[in-house]
Amino acid sequence: MWIYDKKLQYPVRVSKCDPRMAKFLMEQYGGADGELAAALRYLNQRYSIPDKVIGLLTDIGTEEFAHLEMIATMVYKLTKDATPQQLEEAGLGAHFANHDGALFYENAAGVPWTASYIAAKGDPLADLYEDIAAEEKARATYQWLIDMTDDVDLQDGLKFLREREIIHALRFREAVEIIKEKREEKTYY
Amino acid sequence: MEDNQVREWHPFIGPFDPCPPVRVKTYVVPPNQFITFQPMNLPQFSPAEALRLGTLWPSLYSNYTSKRRGEVVTDE
């Protein structure tokens, strides 16, 4: 069960009318290393992973949905007042033909999201390393997105999201250490 | 072969689970997990043994026994 807080995890400000950037941000909405893939990947792995790290997957998977909302807000703000002509000039003509102004889970190139973006191997080490790789890839994507815009307010939101990827990668690496621990060996801090 | 590579954990058993519960589940933690950069001059298998096992170094070897027919993964 989830409890919903009707606010964003971090405020989203977009101060430049730039529908072109919306297209690029879609990579983090419906892309292979995007927030939807992240949330679904972690929340799905929870069932078969050793119980010591289930809570971590729940927490991070939930936070990814909060990030998904932030990306959605950015994309929506950048496209909601654009004319069909502007969308077409931004490379979103094909998107407009299918979806009008609606958001859709597809990447920056318009490829729809697919479950093959995520993995569940059932082996705790394989799954956690998949998660670490996903966080690092998302961090890199945020860097390229920050490089692509000169809107400092949009950059601010993206920089927050990038930092969260770094923290999540560390938490998953801590989970690997927990998984590696021998049961009989008690660790004292 | 080397120290135990198999970890055990005890999944939650619900009071209304439909199937007989598996109380202990296992996973393997192979030795690569503990080596960040392989040290020089580790002890080696004989060449013939190494070709068969897939590694030249006993400290990198991970045995895996089939879990089929209720067998449990052991490290010998």
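Proteins get letters first, then strands, A, B, ... in listed order; numbering begins at 1 in each. Just so we're clear, the structure is a prediction, and the values are computed from it rather than from any experiment.
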B:Gln5 side, atom CD; A:Lys180 side, atom NZ - distance, nearest 0.5 Å:
13.0 Å

Between A:Val176 and B:Gln33, what is the shortest heavy-atom contact and its length?
CG1-OE1, 4.1 Å

Might you confirm whether atom CD of A:Glu88 has over 12 heavy atoms from other residues, nucleotides or ligands at distances under 6.0 Å?
no

Report yes or no: do A:Phe65 and A:Phe104 belong to one cluster of Ile/Leu/Val/Met/Phe/Trp/Tyr joined by side chain heavy-atom distances under 4.5 Å?
no

Exceeds 12 heavy-atom contacts within 6.0 angstrom, atom CZ of A:Phe160
yes

Single-linkage hydrophobic cluster A:Leu36~A:Phe24, side-chain heavy atoms < 4.5 angstrom:
yes

Is there a chain of hydrophobic side chains (I, L, V, M, F, W, Y, each step under 4.5 Å between heavy atoms) that links A:Leu25 to A:Val111?
yes

Would a hydrophobic clustering, with Ile, Leu, Val, Met, Phe, Trp and Tyr connected at side-chain separations under 4.5 Å, put A:Leu128 with B:Phe34?
yes

According to a 4.5 Å side-chain heavy-atom criterion applied to Ile, Leu, Val, Met, Phe, Trp and Tyr, with indirect links allowed, do A:Met26 and A:Leu161 form part of one hydrophobic cluster?
yes

So what's closer than 4.5 Å to chain B heavy atoms on A:Ile54: side chain, backbone, both or neither?
neither

Portion of A:Tyr129 that has a non-hydrogen atom of chain B nearer than 4.5 angstrom
side chain

Between B:Pro30 and A:Leu125, is any pair of side-chain heavy atoms under 4.5 Å apart?
yes

Given side chains that start at C-beta, do those of A:Asp51 and B:Phe12 come closer than 4.5 Å, heavy atoms only?
no

Does a side-chain heavy-atom distance below 4.5 Å link A:Lys52 with B:Trp9?
no

Per-residue contact mode, A:Pro50 against chain B (heavy atom under 4.5 angstrom):
both

How close do A:Pro124 and B:Tyr27 get, heavy atom to heavy atom, and via which atoms?
CG-CG, 3.5 Å

